[in-house]
Amino acid sequence: MAKSLADFIRSARSQIREVDCDTLEDWLRTRDDLVLVDVREAHAFVEGHLPDAIHVPRGYLEALADPDYGHCHPVLSQARDQVVVLYCDSGTRSALSAVTLQEMGFNEVYNLGGG
């Protein structure tokens, strides 16, 4: 049977950790090892994003997170041992992205629940 988007999301959420807005706000004040990643498209990032967030669109995530790729993101590709929190508008693309980063060897990845 073919998988639906809902199936992919349900599977992703069963494999990842989520953080709520209050916890993220606390972490942003108290942690210096946190990398905040906005996986939305460029136009959405330009319209507004969380302070100190880096922009890594979901469609480029694997390439930009891979330190062996010639055009990797200088922050994300070196963040395997840091706390990485991903977000998007609804928490869907960021949940799928969290699974991907875990599979790529990132040790502590969180999805911002609800986007």
Side-chain angles (χ1 to χ4, degrees):
M1 176 182 247
K3 284 187 170 184
S4 68
L5 175 60
D7 293 328
F8 283 109
I9 295 167
R10 194 172 17 265
S11 176
R13 288 212 164 103
S14 74
Q15 300 174 57
I16 62 170
R17 296 174 280 192
E18 290 198 323
V19 63
D20 62 27
C21 289
D22 291 335
T23 301
L24 177 58
E25 188 176 342
D26 181 54
W27 286 359
L28 288 169
R29 283 193 313 270
T30 61
R31 298 191 74 143
D32 60 357
D33 64 341
L34 188 131
V35 177
L36 185 58
V37 182
D38 186 326
V39 297
R40 298 175 302 154
E41 297 303 315
H43 66 87
F45 184 80
V46 169
E47 288 176 9
H49 56 272
L50 296 175
D52 299 322
I54 62 172
H55 183 229
V56 179
R58 172 67 191 101
Y60 298 99
L61 181 71
E62 294 83 354
L64 295 176
D66 186 346
D68 295 328
Y69 176 64
H71 301 286
C72 63
H73 191 285
V75 175
L76 182 60
S77 64
Q78 300 302 311
R80 278 181 167 63
D81 294 319
Q82 293 179 264
V83 176
V84 177
V85 178
L86 301 136
Y87 75 92
C88 65
D89 289 327
S90 66
T92 299
R93 285 173 290 177
S94 52
L96 297 169
S97 299
V99 170
T100 298
L101 290 184
Q102 288 176 170
E103 290 174 351
M104 292 181 75
F106 285 74
N107 295 318
E108 194 169 351
V109 180
Y110 296 87
N111 180 43
L112 179 58

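Because the structure is predicted, anything quoted here is derived from the model rather than measured.
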Cluster check [X], [Y]: I/L/V/M/F/W/Y, side chain < 4.5 angstrom:
{"X": "V85", "Y": "V109", "result": "no"}
{"X": "L64", "Y": "V75", "result": "yes"}
{"X": "V35", "Y": "W27", "result": "no"}
{"X": "L34", "Y": "L86", "result": "no"}
{"X": "I54", "Y": "Y110", "result": "no"}

Which residues pass the side chain to side chain contact (heavy atoms under 4.5 Å, CB included) test with [X], sequence neighbours left out?
{"X": "D20", "result": "D22, T23"}
{"X": "S4", "result": "A6, D7"}
{"X": "Q78", "result": "P67"}

Side chains of [X] and [Y]: closer than 4.5 Å at any heavy-atom pair?
{"X": "H73", "Y": "H55", "result": "no"}
{"X": "C72", "Y": "D66", "result": "no"}
{"X": "L36", "Y": "L24", "result": "yes"}
{"X": "Y87", "Y": "R40", "result": "yes"}
{"X": "C21", "Y": "L112", "result": "yes"}
{"X": "L76", "Y": "L61", "result": "yes"}
{"X": "D38", "Y": "L50", "result": "no"}

Nearest 0.5 Å, please: how far is [atom2] in [Y] from [atom1] in [X]?
{"X": "L5", "Y": "L96", "atom1": "CG", "atom2": "CG", "result": "7.5 Å"}
{"X": "D89", "Y": "E41", "atom1": "CG", "atom2": "CD", "result": "10.0 Å"}
{"X": "I9", "Y": "K3", "atom1": "CD1", "atom2": "NZ", "result": "12.0 Å"}

Would you confirm whether [X], through its side chain, and [Y], through its main-chain N or O, come within 3.5 Å as a donor-acceptor pair?
{"X": "Q102", "Y": "Q15", "answer": "yes"}
{"X": "N111", "Y": "E18", "answer": "no"}
{"X": "S14", "Y": "S11", "answer": "yes"}

(message) Checking Q82 against D33 for the side chain to side chain donor-acceptor pair (under 3.5 Å) test, could you report, in this order, the C-alpha distance in whole Å, the side-chain angles of both residues, the deciding distance, and whether it holds?
(response) CA-CA 5 Å; Q82 293 179 264; D33 64 341; over 6 Å; no
(request) Identify the two heavy atoms, one from T92 and one from R13, that lie closest to each other, and give their separation to 0.1 Å. (result) N-NH2, 4.0 Å
(request) Might you point out which heavy atoms bring R58 and S97 nearest each other, and give the distance in Å? (result) CD-OG, 2.8 Å
(request) Fit a plane to each ring of F45 and H49, take the angle between them on a 0 to 90° scale, and name the class: parallel (under 30°), tilted (30 to 60°) or perpendicular (over 60°). (result) parallel
